Amino acid sequence: MADLDPRVALLLDKMACTELVHRLARGIDRCDADLVRAVFHPDATDDHGMFKGTAADFVPWVMEVLAGMRRTQHVIGNVLIEVDGDKAQGETYFIAHHHIPNAEGGDNFMVAGGRYLDRFERRDGTWKMSHRHAVYDWSTVAPSTDMWDRAAMPDYAFGARGHDDPSYIHFAGA
Amino acid sequence: MSRTCPEELADRLAIMDVLNRYARGIDRCDLAVLREVWWPEAVADYGTGEVGALVWSEGVVPALAAMRRTQHFLGNMLIDIDGAHATAETYCRAWHEVDGPDGPFEMEVGGRYLDRLERRGDDWRLLHRRYVLDWSRNGPSTAQWDGPLYGTLTRHGKRLPDDPLYTGD
């Protein structure tokens, strides 16, 4: 890779870091602990405010938080990556959508906007996340107005947790 | 997910362009743009079965034009490239404002496009698209386009041929 145009090398590094951000969102939304774990270096750390610790401990913690929700979608927007050799810093904007069961027997729709301040490291030629720091900028909460009767709409593909989600078969066929 | 090699950079960027051009075609109701994202035999399944994507495109444009406005906001794109074939998952937050019996109504849908794409020559296009629904939000529009703050935001998105994209205004 030493003979690459440095601009191409920078583009590849930024793309690798961006892909880690997108893969982590997929792992969280699918509640797939293996996908989440695979994004981090073994000694990586996470700071979600209410959780601070190792990425290894973050995985079971976040899976338990997710288990209290019906579904989530973490939409990633602006991804700003600064690469410095084998290290990189990222600032990524997110809008996270959550359906959360409420006391009235329905769901609340909680939408949170924030940023991930990530650190990435390249080890043995592979970029992974060494630290994730979640910052919350705004949120809205209201009773869910989702009107889909999912069981009565068998022709439609709905998002699911785990390997029931259509994305697994989709990528397995690649 | 595979790591991008230098040779695949152009492929990856071209695929991202195709995905983004789809949103432009949809939101601007621009059938010419929309037609160009599909190969002739492409198939799309938005939940009501597989149909020819070009036939689907011709039907969806007037349906979209009947809405007050839409925005298909694409986020996360996970793209696997294998030679001249690619598999992709793209997050989308689709915002629609329609005329309801009691006035403007908002429908927002969070979903994902599961796509297969193919390169022919230098051209990447969609071969198969399956749309997955994740969440929706529905309610009366709270849009404000007047007053001291919002009233100054006068350049509104429109459809072909009136959008600033085409007029340059």
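As the structure is a computational prediction, the values presented were derived from the model and not from experiment. Order of the sequence lines fixes the chain letters, A, B, ..., with proteins taken first and strands second; residue numbering starts at 1 for each chain.
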Original post:
If you link I, L, V, M, F, W and Y whenever their side-chain heavy atoms are under 4.5 Å apart, who else ends up in the same group as A:Y168?
Top reply: A:L35
Original post:
When clusters are formed from ILVMFWY side-chain contacts under 4.5 Å, directly or step by step, what else is grouped with A:L80?
Top reply: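 Result for A:L80 is none, singleton.
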[X], [Y]: one ILVMFWY side-chain cluster at the under-4.5 Å cut-off?
X	Y	answer
B:M16	B:L34	yes
A:M110	A:V65	yes
A:F51	A:V36	yes
A:V8	B:I81	yes
A:Y93	A:V75	no

Determine whether more than 12 heavy atoms belonging to other residues, nucleotides or ligands lie under 6.0 Å from atom [atom1] of [X].
X	atom1	answer
B:R120	CZ	yes
A:E64	CD	no
B:R24	CZ	no
B:F105	CZ	yes
A:D43	CG	yes

If I measure from the heavy atoms of chain B, does [X] come under 4.5 Å with its side chain, its backbone, both, or neither?
X	answer
A:F158	both
A:D165	side chain
A:R150	side chain

**OP:** Tell me the residues of residues 129-158 of chain B whose non-hydrogen atoms fall below 4.5 Å from those of chain A, in number order.
**Re:** B:R130, B:Y131, B:V132, B:L133, B:D134, B:W135, B:S136, B:R137, B:N138
**OP:** Under 4.5 Å, heavy atom to heavy atom: which of residues 49-68 of chain B reach chain A? Give them by number, or say none.
**Re:** none
**OP:** Apply side chain to side chain contact (heavy atoms under 4.5 Å, CB included) to A:D29 and B:Y91, showing your working.
**Re:** CA-CA 11 Å; A:D29 290 332; B:Y91 279 45; 2.8 Å; yes
[Y] and [X], any side-chain heavy atoms less than 4.5 Å apart:
X	Y	value
B:R112	A:R26	no
A:Y156	B:D45	no
B:L13	A:M15	yes
B:L78	A:F171	yes

**OP:** Counting only heavy atoms closer than 4.5 Å, note whether B:A86 contacts chain A via side chain, backbone, both or neither.
**Re:**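 Contact with chain A: none, neither part.
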Original post:
After noting the C-alpha distance and the side-chain angles of B:R12 and A:E19, does the key distance pass the salt bridge (charged side-chain N to carboxylate O under 4.0 Å, His left out) rule?
Top reply: CA-CA 12 Å; B:R12 189 166 290 262; A:E19 181 167 326; 3.7 Å; yes
Original post:
Nearest 0.5 Å, what's the CG-CG distance between A:L4 and B:L9?
Top reply: 9.0 Å
Original post:
So B:E89 and A:H22, side chain to side chain contact (heavy atoms under 4.5 Å, CB included) or not? Walk me through it.
Top reply: CA-CA 10 Å; B:E89 177 187 49; A:H22 291 171; over 6 Å; no
Subject >> Partner chain A: residue of B:G75, B:G110, B:C92, B:A88 with the largest heavy-atom pair count (under 4.5 Å) >> reply: B:A88
**OP:** Against chain A, work out which of B:E108, B:M107, B:H128, B:M77 has the most heavy-atom pairs shorter than 4.5 Å and name it.
**Re:** B:M77
Subject >> Options A:V21, A:V111, A:L11, ranked by heavy-atom pairs under 4.5 Å with chain B, top entry >> reply: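 Looking at each of A:V21, A:V111, A:L11 in turn, A:L11 comes out on top.
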Subject >> Short side-chain donor-acceptor distance under 3.5 Å, A:H170 and B:R116 >> reply: no
Original post:
Sub-3.5 Å donor-acceptor pair from the side chain of A:D155 to the main-chain atoms of B:T48, do we have one?
Top reply: no
